[in-house]
Structures are given as structure tokens and as C-alpha cells.
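Notes follow the structure.
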Amino acid sequence: MNKLRVLLVDDEIMVREGFKRLFDWEAHDCQVVGEAADGMEALSRLDALNPDIVIMDINIPIMNGLKVIQVGRIKHPDTAFIIVSGYDDFAYCREALRLQITDYILKPVNYEEFGECIDRLKISMFRRHSEEAVEAGEERPINQITRYMQEHLEEDITLSVLADEFHMNGQYISQLFKNEIGVGFLTYLTNIRMEKAKKLLLSTSLSIADVAAKSGYGDYRVFTKTFRKQEGITPSQFRRDFLSSE
């Protein structure tokens, strides 16, 4: 896939330098194409560069980050916005969610978690492009493979299984994921299984073991460990926190 173009927005130069130096953009098929230190500059750079992703603090001068997103989305509806903030404030989070941002990350930034956020974003972008390709009648092999995975999540899915199903070499399929989506096969599989699990946790009263099974995990303990690594909390906490916030 083509490298995703990234705009960094933060009034602290050390924060911007930290992002550039401490995160391996190349490994995640991204490149930083510009920076901005305030809201007006951010809008100007957004128009000039048309980035795929904007990494932005909320508390920036002249115009705050949430307002930048609100205005920027009018001309750049496909740009993904990730907020990085020192404020663990529910009001900010709620407003950010209303604006449909990709993620809300607290400072100091954990760059491993940030990398996982970028990978989820690439998967989300791939899904959107896949839907557009299907509508245009231009389905590619990777689209067929990912649709099969989505439809067989409860089953054992490995590169060998996919190789037999699609009469392709497993290594070739693995390379398709890196080239077409920008993430590895296992990262993609884990992501769609976690998305299925979250939907089941919030929309059903199934036990954790049953949610695990329907998401492709025969051992609920492995599921719980994986879920906690991905989401930062256990499946039970995820369900409880959501229900208590309603």
C-alpha cells in the first residue's frame, strides 16, 4: 500500500519531535509530511497537504483541536483524526466521539499502543476502500480473503486454511496483507475478532466463554488475555463500563 501521509499538530515542539523520533513511521507505512503549532496553522496545513491522518492535541492556541476537526471535516471528510491529549476528561472524550475521531490517546504517549492505533486505522481504511471496490465491481483477491475470514470467525483461521480455500501459497497471502492493508495477517485477524467480541459484549447477554467461542477463541482465558492486551481492560469490565455509562 502507499504510505499514509501524516500531519502533526501540537504547540509543544518537543512533543512533535518525540513523535518524529520515537515512533517508527516507516515500519507502519506512514510518513510525516508536515507540522503545525496552532489551530489556524493546522487548518492551513490540512488544506495544503491533504494528509491521510492528523495527530492533534486538543489544547492548542488560537483554535482548539476539536474546533479544527469540526471545520476541517467539511473539506476533508476522509481524513482520519487522532487526538493526543493530556486531559483525561469525559467531556472532551464525549465531544471527540461525537466528531467521530479515530482514537483518543493520553499523554505521555505509549508508542506501542500508538502503533496499534495506527494499525487499526489502516484496517478501517481498508474496509472502507473494500466496500467502495465491491460497489464498483472491482473486487480483488484480498477482498475475497477478508470477507471469508469475517464469515468464518468462529472457525480455525490460519494461513494454511486460507491457502487451501483460495488455492494460493500461504506466503503469498501473508504478503498480500502487508502490501494491500499494511498490517500482518495475525494483526488483521485479531482486530476483526476483537471487533466481533465487542459487538457481542454490548448487544447480547452471552457469557464471556460464549463470546470468546463466537469470536474464534476456543479457550476463554486466551480470549480474555488478548482482549485485555488490545483494549486495556477485561471483557467483563468493558461490558460493565458501557452499561454503567448509559
Side-chain angles (χ1 to χ4, degrees), residues 1-129 132 182-183 230-233 241-242 245-246:
M1 66 179 293
N2 295 328
K3 280 187 170 58
L4 297 176
R5 295 157 51 80
V6 179
L7 173 64
L8 299 176
V9 182
D10 199 295
D11 60 329
E12 296 181 41
I13 189 170
M14 293 304 295
V15 172
R16 302 199 305 270
E17 287 299 313
F19 266 110
K20 289 193 291 185
R21 297 173 184 272
L22 300 177
F23 184 69
D24 191 346
W25 296 101
E26 187 73 25
H28 289 269
D29 299 306
C30 296
Q31 60 177 336
V32 176
V33 296
E35 303 175 44
D38 63 60
M40 292 303 293
E41 186 181 11
L43 285 176
S44 175
R45 301 295 279 167
L46 184 58
D47 287 341
L49 298 170
N50 194 25
D52 300 295
I53 307 171
V54 177
I55 314 295
M56 181 156 47
D57 191 7
I58 291 178
N59 190 27
I60 52 177
I62 304 180
M63 180 186 293
N64 75 35
L66 295 176
K67 186 65 176 178
V68 171
I69 295 172
Q70 187 179 12
V71 175
R73 277 208 187 281
I74 297 171
K75 292 167 66 175
H76 305 275
D78 293 331
T79 297
F81 291 88
I82 298 175
I83 284 179
V84 180
S85 176
Y87 296 94
D88 187 7
D89 187 289
F90 179 72
Y92 277 134
C93 292
R94 182 173 56 192
E95 178 64 13
L97 290 172
R98 189 185 69 78
L99 293 171
Q100 297 183 314
I101 64 156
T102 298
D103 218 328
Y104 189 110
I105 297 173
L106 291 176
K107 295 177 179 178
V109 177
N110 179 317
Y111 288 102
E112 181 180 352
E113 291 179 3
F114 180 71
E116 293 171 356
C117 169
I118 294 294
D119 286 343
R120 287 194 298 270
L121 174 57
K122 286 190 288 188
I123 291 170
S124 175
M125 287 179 164
F126 167 75
R127 286 177 181 165
R128 189 176 72 240
H129 293 155
E132 292 170 356
V183 301
Q230 289 284 114
E231 303 298 326
I233 55 177
D241 289 352
F242 176 83
S245 68
E246 287 188 315

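Residue Ala37 comes nearest to Pro61 through the heavy atom pair O-CD, 3.4 Å, listed as atom of the first residue, atom of the second, then distance. Between Gly182 and Lys122, the shortest heavy-atom contact is O-NZ, 2.7 Å. Nearest heavy-atom pair across Leu49 and Gly34 is CD1-CA, 3.8 Å.
Under the side chain to side chain contact (heavy atoms under 4.5 Å, CB included) criterion, Met63 pairs with Met40, Leu43, Lys67, Val68, sequence neighbours left out. Take Asp38 and apply the salt bridge (charged side-chain N to carboxylate O under 4.0 Å, His left out) test, not counting sequence neighbours, and it matches no residue. In this structure Asp24 satisfies the side chain to side chain contact (heavy atoms under 4.5 Å, CB included) test together with Glu26, Ala27, sequence neighbours excluded. Applying the side chain to side chain donor-acceptor pair (under 3.5 Å) criterion to Glu231, with sequence neighbours excluded, gives Lys198.
Contact of the Val32 side chain with the Phe19 side chain is not registered, since no non-hydrogen atoms from C-beta on lie closer than 4.5 Å. Counting only heavy atoms from C-beta outward, the side chains of Asp57 and Val15 never approach each other to under 4.5 Å.
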| side-chain contact (heavy atoms from CB on, under 4.5 Å) between Leu8 and Val6: does it pass, once the steps are laid out? | CA-CA 7 Å; Leu8 299 176; Val6 179; 4.2 Å; yes
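Here the CG atom belonging to Asn64 is positioned 7.5 Å from the CD1 atom belonging to Ile58, to the nearest 0.5 angstrom. Note that CG of Leu66 and CZ of Phe81 are 11.0 Å apart. Values are rounded to the nearest 0.5 Å. To the nearest 0.5 Å, atoms CD1 (Ile82) and CG (Leu121) are separated by 5.5 Å. A distance of 13.5 Å separates CD of Gln31 from NZ of Lys20, quoted to the nearest 0.5 Å. Atoms CG and CE, on Leu7 and Met56 in that order, are 8.0 Å from each other to the nearest 0.5 Å. The CD1 atom of Ile118 lies 7.5 Å from the CG atom of Leu4; values are rounded to the nearest 0.5 Å.
Applying the side-chain hydrogen bond (donor to acceptor under 3.5 Å, both in side chains) rule to pairs touching residues 42-52 yields Asp47-Lys75, Asp47-His76, Asn50-His76, sequence neighbours excluded. Residue pairs that meet the salt bridge (Lys or Arg N to Asp or Glu O under 4.0 Å) test with at least one member in residues 4-16, sequence neighbours left out, are Asp10-Lys107, Arg16-Glu35. Sequence neighbours left out, the pairs with a member in residues 25-46 that pass ring pair (Phe, Tyr, Trp, His ring centres under 6.0 Å) are Phe23-Trp25, Phe23-His28, Trp25-Phe114.
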